[in-house]
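Please read the structure below before turning to the comments.
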Number of protein chains: 2
Amino acid sequence: MAGCQRRNTRQRQMVLQELRASYAHPTAGEIYQSVRDRLPNISLGTVYRNLDILLETGQAIRLASILGQEARYDGRCEPHVHFQCHECGRIYDLNSAWPALDDLVGKTLEGHAIAAFQLLLHGTCLECTSSNHD
Amino acid sequence: MAGCQRRNTRQRQMVLQELRASYAHPTAGEIYQSVRDRLPNISLGTVYRNLDILLETGQAIRLASILGQEARYDGRCEPHVHFQCHECGRIYDLNSAWPALDDLVGKTLEGHAIAAFQLLLHGTCLECTSSNHD
DNA sequence: ATCGTTGCAAAATATTTGCAGTTGA
DNA sequence: TCAACTGCAAATATTTTGCAACGAT
């Protein structure tokens with residue numbers, strides 16, 4: 001399956017478009033719901049299969065979430081840092097630069113060759129902090 | 001459930017003991033298998049319920065895994081860095097110090113208050129690199 | 001025409017929960 | 001005692017897969 005000639009199907013286009021349009025780091029189920037507006041017959045299985053292909057081809061990233069167990073996906077592929085709020089569960093992209101982390105890629109640490117990283121910060125997000133003051 | 005008087009049951013003791021004894025960042029199912037050697041009647045539901053309590057009381061950490069979908073748990077609670085091998089899936093503790101990260105805790109970044117972090121590096125581990133050379 | 005892809009439904013995997021009985025403090 | 005806890009089994013949630021039909025190239 002890995003070295004085959006991929007086809008550019010409408011289903012795959014829509015999943016990728018949804019991933020790129022959403023800043024919400026959607027789950028497979030959320031992508032499924034959104035895409036159904038335009039492709040009412042798409043199935044959840046197809047969403048999962050396309051997400052796997054997008055991961056394989058480097059067009060998406062699978063996010064490990066500390067909270068919950070549903071995987072989340074991100075169409076932004078440059079290494080970057082995420083913040084997850086432990087009150088509302090939302091995941092935010094952080095735009096600060098992390099030179100120390102970027103430099104790690106390609107190096108070896110304690111014998112292990114580092115190919116990529118994921119830094120997930122968590123705490124209380126701006127919106128939840130504000131609403132806690134109400 | 002959060003503010004109640006916890007009981008120190010044998011089941012909870014065993015789950016915690018297993019977490020602290022294992023460097024393998026076990027899944028709930030793996031903990032269940034190990035604990036069954038000493039408590040043959042323990043149920044998987046009890047393992048999950050006790051893991052939740054240990055997370056709540058700060059005696060364990062739930063690891064976000066990039067690979068796979070099963071949650072992994074760690075009895076080491078100081079913030080530290082993990083490395084996951086994308087060939088064998090194993091998770092290793094890294095013992096290097098990360099002052100820049102430790103300093104983040106308690107600060108605010110882009111409006112979000114940071115309480116903790118999880119840095120997960122991935123790539124090929126020492127063992128897989130060696131066996132690739134066979 | 002070929003073969004990657006799809007929809008569907010069932011299976012597999014992972015986690016949570018209701019309940020009646022048990023047990024630690 | 002008695003509320004927290006347990007085992008069990010059923011329910012939920014999440015992801016994967018088999019298969020026959022479909023459709024991009």
Side-chain angles (χ1 to χ4, degrees), chain A residues 1-19 24-57 59-73 89 91, chain B residues 1-19 24-57 59-73 89 91:
Chain A
M1 274 286 158
C4 65
Q5 182 54 48
R6 301 279 180 217
R7 287 179 188 168
N8 191 21
T9 63
R10 271 161 71 50
Q11 288 85 346
R12 183 124 77 236
Q13 286 167 26
M14 290 299 129
V15 169
L16 183 54
Q17 182 179 315
E18 189 55 35
L19 265 186
H25 306 85
T27 63
E30 288 165 353
I31 294 168
Y32 172 61
Q33 290 302 333
S34 302
V35 171
R36 260 157 85 84
D37 292 345
R38 277 162 299 167
L39 288 181
N41 292 319
I42 195 174
S43 72
L44 186 52
T46 294
V47 172
Y48 274 107
R49 280 185 284 221
N50 277 310
L51 285 170
D52 283 345
I53 290 170
L54 295 174
L55 295 182
E56 228 177 70
T57 56
Q59 299 172 89
I61 284 174
R62 181 187 169 119
L63 288 191
S65 162
I66 292 181
L67 272 41
Q69 59 294 314
E70 225 174 330
R72 294 184 166 275
Y73 297 86
I91 296 181
Chain B
M1 276 286 157
C4 64
Q5 182 54 48
R6 301 279 179 215
R7 288 182 189 167
N8 190 22
T9 63
R10 270 161 72 51
Q11 288 85 346
R12 183 124 75 240
Q13 285 167 26
M14 291 298 129
V15 169
L16 183 54
Q17 181 178 317
E18 189 55 36
L19 265 184
H25 306 86
T27 63
E30 288 165 352
I31 294 168
Y32 172 62
Q33 290 303 333
S34 303
V35 171
R36 260 157 85 84
D37 293 345
R38 278 163 297 169
L39 288 180
N41 292 318
I42 195 174
S43 73
L44 186 52
T46 294
V47 171
Y48 273 108
R49 279 186 283 220
N50 277 309
L51 284 170
D52 283 346
I53 290 171
L54 294 174
L55 294 181
E56 227 176 71
T57 56
Q59 298 173 89
I61 284 173
R62 182 185 170 122
L63 289 190
S65 163
I66 294 181
L67 273 40
Q69 60 293 315
E70 226 175 328
R72 293 184 167 274
Y73 297 86
I91 295 181

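Values reported hereafter were calculated over all heavy atoms of this structure, with side chains retained and with hydrogens, waters and symmetry mates removed. A, B, ... follow the sequence lines: proteins, then strands. Residue 1 opens every chain. Just so it is clear, the structure is predicted and the values come from calculations on it, not from any experiment.
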Handout entry: B/Q69 (side chain) donor-acceptor with A/Q69 (main chain) under 3.5 angstrom
Key = no

Could you tell me which residues satisfy side-chain contact (heavy atoms from CB on, under 4.5 Å) with [X], sequence neighbours excluded, listed by chain and number?
X	result
B/L16	B/R20, B/L54, B/Q59
A/E30	A/P26, A/T27, A/R72
B/T46	B/Q11, B/I42, B/S43, B/R49, B/N50

Rounding to an integer number of Å, can you tell me how far [X] [atom1] sits from [N] [atom2]?
X	N	atom1	atom2	value
B/N41	C/dT23	CG	P	11 Å
B/I31	C/dA14	CD1	P	14 Å
B/Y32	C/dA14	OH	P	14 Å
A/M14	C/dT5	CE	P	17 Å
B/L39	D/dC5	CG	P	16 Å

Identify the heavy atoms of [X] and [Y] that sit nearest to each other, and give their distance.
X	Y	result
A/A28	A/L51	CB-CD1, 3.9 Å
B/L67	B/G89	CD2-CA, 4.1 Å
A/R62	B/G68	NH2-O, 3.4 Å
B/L55	B/A60	CD2-O, 3.5 Å

Handout entry: Axis-to-axis angle between the two ends of the helix from C/dA1-D/dT25 to C/dA25-D/dT1 (five base pairs per end, rounded to 10 degrees)
Key = 40°

Strictly under 3.5 Å: I want the nitrogen or oxygen pairs between protein and nucleotides 23-25 of chain D, one per line.
unit_1	atom_1	unit_2	atom_2	d
D/dG23	N2	A/R7	NH1	2.0
D/dG23	N2	A/R7	NH2	3.0

Practice task
Would you give a per-nucleotide map of nucleotides 15-20 of chain D, 5' to 3', where B means the base has a protein non-hydrogen atom under 4.0 Å away, S means only the sugar-phosphate does, and - means neither?
Solution key: BBBBB-

Exercise for the section: Please lay out, stage by stage, how B/V35 and B/V47 fare under the test side chain to side chain contact (heavy atoms under 4.5 Å, CB included). Expected result: CA-CA 9 Å; B/V35 171; B/V47 171; 5.6 Å; no

Handout entry: Selection residues 31-48 of chain B - residue pairs positive for salt bridge (Lys or Arg N to Asp or Glu O under 4.0 Å), sequence neighbours left out
Key = B/E18-B/R38

